[in-house]
Amino acid sequence: MYKAFGKRIFDLVISLVGFVVLIPVFLLVTIILLIANKGKAFFFQERPGKNRQLFKVIKFRTMNDAKDTNNIPLPDAKRLTGIGRFVRKISLDEIPQLLNVIKGDMSLVGPRPLLVEYLPLYNETQSRRHNILPGITGWAQVNGRNALSWEQKFEYDIYYLEHVSFFFDLRILIKTVQKVLRAEGISQKGHETMPLFTGSPK
């Protein structure tokens, strides 16, 4: 019952209340990033959602558009700005995704929406992560976030898929707040952002 109906009601109520409460923070970060990124405060990118349906995720822009001499974007670590690093550290970059939740593209809790180019790389088990809506946070995020290996993240995603419940979602949201306050698991050792996924054994 919760998975079919209650989860959407829970998402809508919490995200609407949360967005209203966070409007001052939202506006402040928007203004700061508009100045720091020369008029670009938001980042839009197509991501696969439930049943691999594509949608545009919205986040605060934390990286610039710097490119090398061949017009190829520099590595994430070199494009991550000072203010962007701070915004990511305390997860402020995720606030705009509340709009994705309100719209119905995402849930508060679920597997994180990853890059479209990863779709053909998943094995059969990993592909199951697209059986539910992606989330702003998830079981993988509160168990290590970007400090986990890809295989570990997918294992946590599938575990969540098989154990969705109201109390599990509530537990994850509470643990998410704790993780954000401690700034834990933001990146893997030696990486500013999560390394690219290159596939797993089928």
Exercise. Listed by chain and number, what are the ring-ring contact (aromatic ring centres under 6.0 Å, His included) partners of Phe55, not counting sequence neighbours?
Worked result: none
Problem set entry | Lys89 side, atom NZ; Thr62 side, atom OG1 - distance, nearest 0.5 Å | 15.0 Å
Exercise. Mind checking whether Thr176 and Gln141 have side chains closer than 4.5 Å, heavy atoms only?
Worked result: no
Problem set entry | side-chain contact (heavy atoms from CB on, under 4.5 Å) against Asn37, all qualifying residues, sequence neighbours excluded | Leu33, Lys40, Arg61, Thr81
Exercise. So, for Arg129 and Ile158, which heavy atoms are closest and what is the spacing to 0.1 Å?
Worked result: N-CD1, 3.8 Å
Under 3.5 Å donor-acceptor pairs involving side-chain atoms of residues 9-24, not counting sequence neighbours:
unit_1	atom_1	unit_2	atom_2	d
Asp11	OD1	Ser107	OG	3.2
Asp11	OD1	Leu108	N	3.1
Asp11	OD2	Ser107	OG	2.7
Ser15	OG	Asp11	O	2.5
Ser15	OG	Leu12	O	3.2

Problem set entry | Transitive ILVMFWY side-chain link Leu173 to Val101, under 4.5 Å | yes
For this session: Assess whether side-chain hydrogen bond (donor to acceptor under 3.5 Å, both in side chains) is satisfied between Gln152 and Ser149, documenting all intermediate values.
Result: CA-CA 5 Å; Gln152 289 172 317; Ser149 69; 3.2 Å; yes
Seminar exercise, completed: So CG of Asn51 and CG of Asn131: to nearest 0.5 Å the spacing works out to 7.0 Å
Seminar exercise, completed: Between the CZ atom in Arg85 and the CD1 atom in Ile90, the distance rounded to the nearest 0.5 Å is 14.0 Å
Problem set entry | salt bridge (Lys or Arg N to Asp or Glu O under 4.0 Å) partners of residues 166-178, not counting sequence neighbours, each pair once | Lys7-Asp169
Seminar exercise, completed: Minimal heavy-atom distance between Ser127 and Tyr122, with the atoms involved, is OG-CB, 3.4 Å
Problem set entry | Non-hydrogen side-chain atoms of Ile95 and Leu92 separated by less than 4.5 Å | yes
Problem set entry | By side chain to side chain donor-acceptor pair (under 3.5 Å) - contacts of Gln45 (at least two apart) | Arg47
For this session: Please step through side-chain contact (heavy atoms from CB on, under 4.5 Å) for the pair Leu121 and Gln126, ending with a clear verdict.
Result: CA-CA 9 Å; Leu121 302 178; Gln126 293 166 352; over 6 Å; no
For this session: Could you list the residues that satisfy side-chain contact (heavy atoms from CB on, under 4.5 Å) with Thr30, not counting sequence neighbours?
Result: Phe26, Leu34, Ala41, Phe42, Phe60
For this session: Could you give me the CA-CA distance, side-chain angles and deciding distance for Met106 and Leu133, then say whether side-chain contact (heavy atoms from CB on, under 4.5 Å) is met?
Result: CA-CA 5 Å; Met106 294 178 64; Leu133 286 174; 5.8 Å; no
For this session: May I ask you to decide if Phe168's main-chain N or O and His163's side chain share a donor-acceptor pair within less than 3.5 Å?
Result: no
Seminar exercise, completed: Residue set satisfying ring-ring contact (aromatic ring centres under 6.0 Å, His included) with Phe86, at least two apart, ordered chain then number -> none
Problem set entry | Leu115 vs Leu196, side-chain contact (heavy atoms from CB on, under 4.5 Å): CA-CA, chis, key distance, verdict | CA-CA 9 Å; Leu115 300 177; Leu196 293 175; 4.3 Å; yes
Exercise. What pairs meet the salt bridge (Lys or Arg N to Asp or Glu O under 4.0 Å) rule with one or both residues in residues 94-110, with sequence neighbours excluded?
Worked result: Lys59-Glu94, Glu94-Arg112, Lys103-Asp105
Exercise. What closest approach, in Å, do Ala140 and Leu148 show between heavy atoms, and which atom pair accounts for it?
Worked result: O-CD1, 3.4 Å
Problem set entry | Ile35: hydrophobic cluster co-members (side-chain, 4.5 Å) | Ile31
Problem set entry | Aromatic ring proximity, centroids under 6.0 angstrom, Phe197 and Phe154 | yes
Exercise. Once you round to the nearest 0.5 Å, how far does CD1 of Ile172 lie from CD1 of Ile136?
Worked result: 13.0 Å
Exercise. Quick one: CG on Leu181 to NZ on Lys179, what's the gap to the nearest 0.5 Å?
Worked result: 12.0 Å
Exercise. In the single-linkage hydrophobic clustering (I, L, V, M, F, W, Y; side-chain heavy atoms under 4.5 Å), do Phe43 and Val25 co-cluster?
Worked result: no
For this session: Could I get the full list of side-chain contact (heavy atoms from CB on, under 4.5 Å) partners for Glu46, not counting sequence neighbours?
Result: Leu54, Lys56, Val116
For this session: Please name all residues satisfying side-chain contact (heavy atoms from CB on, under 4.5 Å) with Lys3, sequence neighbours left out, ordered by chain then number.
Result: Ile132, Leu161, Val164
For this session: Would you check, one step at a time, whether the test ring-ring contact (aromatic ring centres under 6.0 Å, His included) holds for Trp150 with Tyr118?
Result: CA-CA 12 Å; Trp150 280 110; Tyr118 291 171; 5.5 Å; yes
Problem set entry | Smallest separation among heavy atoms of Pro48 and Pro113, with atom names | O-CB, 4.2 Å
Exercise. Distance-only, no hydrogens or angles: does the Asn100 side chain make a donor-acceptor pair with backbone N or O of Ile58 under 3.5 Å?
Worked result: yes
For this session: List for me each residue that meets salt bridge (charged side-chain N to carboxylate O under 4.0 Å, His left out) alongside Glu162, sequence neighbours excluded, and say none if there are none.
Result: Arg128
